[in-house]
Amino acid sequence: MEKTAITPTRGQNYPEWYQQIIVAADLAENSAVRGCMVIKPWGYAIWELMQQDLDKRFKKTGHVNAYFPLLIPLSYLEKEAEHVDGFAKECAVVTHHRLVPDEVNVGLKPDGELDEPFVIRPTSETIIGESFSKWVKSYRDLPLLINQWANVMRWEMRTRLFLRTSEFLWQEGHTAHATKEEAVAETEQMLKVYAAFAEDVLAMPVIQGEKPCFERFPGAVNTYCIEAMMQDCKALQAGTSHFLGQNFAKASGIQYQNKNGELETAWTTSWGVSTRMIGGLIMTHSDDNGLVLPPRIAPQQFVIQPIYRNDEQRAQVLAYCQQLKQDLEAQVFAGNEIRVHIDDRDIQGGAKSWEWIKKGVPVRIEVGMRDIEKDAVMVARRDAVGSKQSTPRAELLTSAIALLTEIQDGLFSKALEFRNSKMREINSLVEFNEFFAGENNIDSGFAIAYAVDETGIEEFIKPLKVTARCMPLDNNDVAGVCIFTGKLASKKMVFAKAY
RNA sequence: CGGGGUGUAGCGCAGUCUGGUUAGCGCACUUGAUUUGGGAUCAAGGGGUCGUGAGUUCGAAUCCCACCACCCCGACCA
């Protein structure tokens with residue numbers, strides 16, 4: 001059998017493979033704090049690229065950044081009934097404001113109990129709502145389009161690096177509008193922003209849809225999402241956008257005077273993506289040799305490995321590499337300077353190569369004396385491990401952008417093809433059960449079937465450990481028969497095992 | 001919170017059943033030599049409160065008791 005850099009392989013043990021990818025690519029590790037991760041430089045660099053790209057998209061659609069407190073007074077959370085129900089079970093609570101020596105004087109204990117406990121934000125609707133209520137007085141103050149980059153905490157029972165950790169990084173957009181139509185349009189617009197980002201930058205095909213009523217964000221009127229398929233055929237919710245109606249506006253008192261001087265309640269939205277997307281990125285493209293990064297999200301797009309035997313060669317080769325780096329960096333790919341790194345560390349060539357392969361760098365370039373004599377370089381693509389090709393330097397420079405584009409597009413096509421091959425239209429409950437049959441059948445994929453958007457249908461799917469993911473927005477709106485209830489269903493629904 | 005399991009070097013483990021020199025092995029790390037265009041070889045090194053506490057014993061990683069932590073399986077979740 002062929003030797004792979006990662007053991008076990010995806011086929012042997014998918015969850016363990018996922019963990020090993022993170023170790024091998026040096027993305028993150030578990031911290032001393034239960035459920036919280038340390039994001040290491042290579043992983044954080046990916047997050048920074050996500051932030052930069054998304055931030056541009058948010059600004060382009062008229063949003064501005066602001067920052068709100070980490071601590072939320074308990075009473076705020078209590079304002080919205082459904083919201084409380086949804087988050088109460090997973091809140092970290094701050095009850096004291098100082099430490100004093102304990103009885104035996106060997107340690108410290110909390111002291112100075114607070115009159116009102118704080119909750120570490122699991123999300124910020126309520127505290128931002130409080131601010132919004134002060135900021136909004138007139139219809140002229142609307143729409144209010146705010147985004148915050150922050151960390152949040154949800155006390156999770158079981159955690160997995162990136163996919164579910166107690167503390168995670170995200171952005172949360174919060175907007176207030178004068179009319180329902182505007183707020184709905186905002187919700188849909190941001191969903192499209194997420195979808196475009198996922199597909200264009202992460203090369204991760206997504207299904208845009210609306211969550212069924214029993215999967216909604218606590219307190220929302222409608223929740224929209226983008227759903228991606230991982231290589232084990234499970235679904236991952238990669239982003240959400242909520243139309244909150246007037247629920248939070250009423251709870252927080254976000255009111256404005258309209259043109260006629262009448263007091264009206266605003267309509268709000270919220271939307272977010274998190275470091276979870278990194279988990280999705282990993283599981284969409286990576287293979288048994290490590291992480292595979294689409295160029296647009298790769299912290300380094302080219303890594304140059306100088307090869308030499310002595311100091312004299314070293315000087316010559318390095319100078320050549322420096323020039324090559326400069327020439328590449330002078331070019332713009334997808335709106336950014338091409339990112340190039342020269343790895344001149346004193347470690348064995350083979351080991352060095354494999355390190356970058358495992359880190360998912362799209363293109364490696366080897367430069368030695370032999371190449372310099374021909375004014376050519378060896379080019380190795382991450383999407384074709386094992387192949388390496390001598391390319392004239394001039395040709396590499398003129399085709400660098402095309403090369404990155406080709407790799408980017410190739411990864412998207414491959415992921416799309418995979419997902420489409422694992423999606424099936426289902427027309428009956430029998431067929432549905434067959435599709436998801438078997439205890440650990442991870443090859444089921446996405447089932448698409450007519451289903452009514454009513455509570456109760458979960459009972460049919462729960463025993464199969466399947467969840468209703470969403471009602472795709474692009475379905476053609478021809479009604480059909482619900483496979484669970486036999487009633488007329490206006491929309492199709494996607495079902496899958498999920499993260 | 002139920003059921004199962006594991007704590008020994010940075011990581012992965014053996015040793016525990018059957019107590020007995022200085023607690024081992026692989027990987028990683030350091031140094032030197034030979035190497036170097038796809039995961040090098042040899043040699044020499046450094047690194048340990050054996051999860052914590054209390055006990056049994058001449059003697060405990062090993063046996064007894066208590067506690068703690070973590071992992072896996074279930075209910076909740078971006």
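A, B, ... follow the sequence lines: proteins, then strands. Residue 1 opens every chain. Not measured: the values here are computed from a predicted model.
Residue A:Ala5 places its side chain closer to B:rG39 than to any other of B:rC76, B:rG38, B:rG39. For A:Lys89, the side-chain atoms get nearest to B:rC76 when compared with the rest of B:rG38, B:rC76, B:rA78. Listed candidates were B:rG37, B:rG39, B:rA78. Nearest to the side chain of A:Lys388 is B:rG37. Comparing B:rG38, B:rG37, B:rA78 against the side chain of A:Arg276 picks out B:rA78 as the nearest. For A:Met378, counting side-chain heavy atoms from C-beta on, the closest listed nucleotide (B:rG37, B:rG39, B:rA78) is B:rG37. Distance from the side chain of A:Arg364 is smallest to B:rG38 among B:rG38, B:rG39, B:rC76.
For the pair A:Arg382 CZ and B:rG38 P, the computed distance is 17 Å after rounding to whole Å. Going from atom CE of A:Met204 over to atom C1' of B:rA78 covers 13 Å, rounded to whole Å. With rounding to whole Å, A:Phe217 atom CZ is found 19 Å from B:rC76 atom P. In this structure, CG of A:Asp26 is placed 18 Å from P of B:rG10, rounded to the nearest angstrom. Taking atom CD of A:Gln237 as the reference point, atom P of B:rC76 lies 16 Å away to the nearest angstrom.
Residues A:Phe243 and A:Ala183 share a closest heavy-atom pair of CE1-CB, 3.7 Å.
OP1 or OP2 of B:rG37 has not a single side-chain nitrogen or oxygen of A:Lys374 nearer than 4.0 Å. Residue A:Lys465 places at least one side-chain N or O under 4.0 Å from the OP1 or OP2 atom of B:rG74.
The pairing partner recorded for B:rG10 is B:rC27, the criterion being a Watson-Crick or G-U wobble arrangement whose two distances lie under 3.5 angstrom.
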What protein N or O atoms touch nucleotides 40-45 of chain B N or O atoms at under 3.5 angstrom, if any, and at what distances?
from	atom 1	to	atom 2	distance (Å)
B:rA40	N7	A:Gln348	OE1	2.6

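In this structure, A:Phe168 packs face-to-face on the six-membered ring of B:rA78, meeting both the 5.5 Å centre cutoff and the 30° plane limit.
Between the side chains of A:Glu172 and A:Ser124, at least one donor N or O lies within less than 3.5 Å of an accepting N or O.
Between A:His83 and A:Phe248, the angle of the ring planes goes over 60°, which puts this pair in the perpendicular group of the 30/60° scheme. Between A:Trp17 and A:Tyr14, the ring-plane angle classifies as tilted under the 30° and 60° cut-offs.
Remark: A:Ala394 engages no residue in a side-chain contact (heavy atoms from CB on, under 4.5 Å) (not counting sequence neighbours).
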